[in-house]
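The next block holds one structure in the form of structure tokens; read it before the comments.
Nothing fancy with the numbering, it's 1 onward along the sequence.
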Amino acid sequence: MNRFGYWLGILLVGVMLAGCVKSQSMTRPGDPLIEVARNPRQWTGIAVAADERIFVNFPRWSDDVPISVGELLPSGKVLPFPTETWNSWTVGMDPKSRFVCVQSVYIDGDNHLWVLDAGNPKFAGVIEGAPKLVKIDIESAQVTDIFRFGPPLLGPNSYLNDVRIDTGRQVAYLTDSGEGGLVVVDLRQIVARRVLADHPSTRAEGVTLTIGGKPWLRPDGSVPQVNADGLALDRQGDYLYYQALSGRNLYRIATDWLRRTDITVEQLAGQVEWLAESGAADGLLCGRDGRIYISALEDNAIKVFDPATRSVSQWIQDERLVWPDSFAQGPAGFIYVTISQIHLLPHPPQSYRIYKFAAP
């Protein structure tokens, strides 16, 4: 199907995510945040293509998730992408060719969309056959590759969280925030390995996060402990940056070590670099300026780590950044960020937003 046919089919059936509204920007002169869109349903991931098309995903953390992956139109509507069928999973259906619980979307250097399906709806446990990494040609809206994951690579409580693609070397890097660790996927040989699974850098740090002035707790009063979550790949693909969500420390490792299969667990662990106390973060992004953007959950802020000086500074602090989640940088240079309000579930007082801001 060509792109025209895709749009015509979608528009004819009139399928859209109910309740989407066009952004009514609250931007003021000199305001660093520009509102892009808002939605009554929770999004986490965002990806921006070379032609400024925006893709978002909605994780299946409740029973009320009409679609998993969609294209965000300038009007504010979200249309299911790549097809309705891919977005039509319900309990009992075969999960292999449908999105079950999508956590992240990512545009690679060749302008393909990658969709990371954790396959663990409502954190109730991994569904057999559901975890996958899906590659989509956005011009034709055709799925071109599917990489599937299961035991022993994943455990029953695994939650594949974020993804970065090195198009030159044809390698994908994933985080598992459920059981901790990184997953390295050789996209040519279709081989995946789990690494640093027991290393402190990929594990939650036992901290209680304070967000919006209150400790972040589960309904039963326990403290969430989320392992390796945010992920960033530098512009050359030489370093992978990551940190646990329930933690305040940023790490990196040279990707050459992650791709090697001839070293021991201990040798690999010795290559991890502690970089800085960055504060609690969900999403990470390596910008075109080479700096690492950090979604600072406890500060309602965006921070920046400069690899040249090994220092962290605050770029934007704003009360509208209510759990800044995922980043994407568009072709014009703006950096987009989703607002997911995770600590205010299930009924946040306002709709979910997407903002964009200029890089320093």
So, Asn161 side chain and Ala228 main chain: donor-acceptor pair closer than 3.5 Å or not?
no
Can you give me every donor-acceptor pair (side chain of residues 327-337, partner residue at least two apart or in another chain, under 3.5 Å) with its distance?
residue, atom, partner, partner atom, Å
Gln329, OE1, Arg288, N, 3.0
Gln329, NE2, Gly333, O, 2.9
Tyr336, OH, Glu52, OE1, 3.4

Scanning both residues in full, the closest heavy-atom pair of Ala276 with Phe305 reads CB-CE1, 4.1 Å
For Asp94 and Lys96: C-alpha separation, side-chain torsions, deciding distance, then whether salt bridge (charged side-chain N to carboxylate O under 4.0 Å, His left out) applies.
CA-CA 6 Å; Asp94 186 342; Lys96 293 180 180 179; 5.4 Å; no
Path from Trp89 to Val143 over hydrophobic side-chain contacts below 4.5 Å:
no
Between Asn87 and Ser68 (side chain of the first, backbone of the second, donor and acceptor by atom type, cut-off under 3.5 Å), is there such a pair?
yes
Working to the nearest 0.5 Å, report the span between CD of Gln225 and CD of Glu205.
9.0 Å
Shortest non-hydrogen separation from Ser326 to Ile46 and the atoms involved
O-CG2, 3.7 Å
Is there a donor-acceptor contact under 3.5 Å linking the side chains of Ser104 and Asn57?
no
Cluster membership besides Leu268, Ile/Leu/Val/Met/Phe/Trp/Tyr side chains within less than 4.5 angstrom, sorted by chain and number, is Val171, Tyr173, Leu182, Val184, Val195, Leu196, Leu231, Leu233, Leu240, Tyr242, Tyr251, Ile253, Trp257, Leu258, Ile263, Val272, Trp274
Any chance you could lay out the side chain to side chain contact (heavy atoms under 4.5 Å, CB included) test for Ile342 and Trp216, step after step, and finish with the verdict?
CA-CA 9 Å; Ile342 291 174; Trp216 179 40; 4.1 Å; yes
State plainly whether the residues Arg260 and Asp262 are in salt-bridge range, i.e. N to O under 4.0 Å.
yes
Interatomic distance, NZ@Lys77 vs CG@Leu72, rounded to 0.5 Å, equals 12.5 Å
Kindly indicate, with the supporting measurements, whether the criterion side chain to side chain donor-acceptor pair (under 3.5 Å) is fulfilled by Ser158 and Asp176.
CA-CA 6 Å; Ser158 284; Asp176 182 350; 2.7 Å; yes
Are Asp64 and Ser62 linked by a side-chain donor-acceptor pair shorter than 3.5 Å?
no
Which heavy atom of Pro32 sits nearest to which heavy atom of Phe357, and what is that distance?
O-CB, 3.2 Å
Is the centre of the Tyr106 ring less than 6.0 Å from the centre of the Trp114 ring?
no
Is Arg218 salt-bridged to Asp220, cutoff N-O under 4.0 Å?
no
With Asp63 via side-chain hydrogen bond (donor to acceptor under 3.5 Å, both in side chains) - residues at least two apart
Lys122
Think Arg252 forms a cation-pi with Tyr239, using NZ or CZ under 6.0 Å from the six-ring centre and within 45 degrees of its axis?
yes
Leu217: which other cluster members, linking ILVMFWY side chains closer than 4.5 Å, directly or transitively?
Val223
Are more than 12 heavy atoms from other residues, nucleotides or ligands located less than 6.0 Å from atom CG of Asp198?
no
Can a donor-acceptor pair be found, under 3.5 Å and without considering hydrogens, that links the side chain of Arg203 to the backbone of Glu179?
yes
Tell me the closest heavy-atom pair linking Pro324 and Ile339, and the distance in Å.
CA-CD1, 4.0 Å
Going by atom types alone, do Gln317 and Glu319 pair a side-chain donor with an acceptor below 3.5 Å?
yes
Do you know which two heavy atoms are closest between Ile136 and Pro82, and how far apart they sit?
CD1-CD, 3.8 Å
Establish whether Ile354 and Val65 are linked, either directly or via other cluster members, by ILVMFWY side-chain heavy-atom contacts under 4.5 Å.
yes
Supply the atom-to-atom distance Thr202 OG1 to Asp229 CG, rounded to the nearest 0.5 angstrom.
12.0 Å
side-chain hydrogen bond (donor to acceptor under 3.5 Å, both in side chains) with Asn300: which residues, sequence neighbours excluded?
none
Is Met93 reachable from Ile127 through a run of I, L, V, M, F, W or Y residues, each pair having side-chain heavy atoms under 4.5 Å apart?
yes
Could you walk me through whether Arg320 and Asp31 pass the side chain to side chain contact (heavy atoms under 4.5 Å, CB included) test, one step at a time?
CA-CA 12 Å; Arg320 290 170 292 178; Asp31 192 338; 2.8 Å; yes
With no hydrogens and no angle check, is any side-chain donor or acceptor of Gln341 less than 3.5 Å from a backbone partner on Gln350?
yes
What I want to find out is whether Asp162 reaches Arg164 closely enough, with some N-O distance under 4.0 Å, to be called a salt bridge.
yes
Taking salt bridge (Lys or Arg N to Asp or Glu O under 4.0 Å) as the definition, give me every residue that meets it alongside Asp289, ordered by chain and number, with sequence neighbours left out.
Arg291
Closest heavy-atom pair and its distance - Ala280, Glu298:
CB-OE1, 3.7 Å
Pick out which of Lys303, Gln243, Arg248 makes a side chain to side chain donor-acceptor pair (under 3.5 Å) with Ser278.
Gln243
Determine yes or no for a side-chain-to-main-chain donor-acceptor pair under 3.5 angstrom, with Asp110 supplying the side chain and His112 the backbone.
no
Partner set under ring pair (Phe, Tyr, Trp, His ring centres under 6.0 Å) for Phe149, not counting sequence neighbours
none
Are Arg169 and Asp238 ion-paired here, with the side-chain N under 4.0 Å from a carboxylate O?
yes
By ring pair (Phe, Tyr, Trp, His ring centres under 6.0 Å) - contacts of Tyr159 (at least two apart):
Phe123
Please check if the side chain of Thr44 supplies one atom and the backbone of Gln103 the other of a donor-acceptor pair under 3.5 Å.
yes
When you check the side-chain N and O atoms of Gln314 and Asp299, is any donor under 3.5 Å from an acceptor?
no
Return the CG to CZ distance between Leu174 and Arg194, rounded to the nearest 0.5 Å.
10.5 Å
side-chain hydrogen bond (donor to acceptor under 3.5 Å, both in side chains) with Trp323: which residues, sequence neighbours excluded?
Asp282
Those residues at least two apart in sequence (or on a different chain) that pass side-chain hydrogen bond (donor to acceptor under 3.5 Å, both in side chains) with Arg235 are none
Give me each pair satisfying side-chain hydrogen bond (donor to acceptor under 3.5 Å, both in side chains) with a member in residues 125-135, each pair once, sequence neighbours excluded.
Asp117-Lys132
How many angstroms lie between atom OG of Ser340 and atom CH2 of Trp43, to the nearest 0.5 angstrom?
11.5 Å
With sequence neighbours excluded, residues passing ring pair (Phe, Tyr, Trp, His ring centres under 6.0 Å) with Tyr355:
none
When rounded to the nearest 0.5 Å, the distance separating CG of Asn39 from OG1 of Thr338 is 11.5 Å
Verdict with supporting geometry, Val69 and Val134, side chain to side chain contact (heavy atoms under 4.5 Å, CB included):
CA-CA 11 Å; Val69 179; Val134 180; over 6 Å; no
Would you confirm whether Ser246, through its side chain, and Val226, through its main-chain N or O, come within 3.5 Å as a donor-acceptor pair?
yes
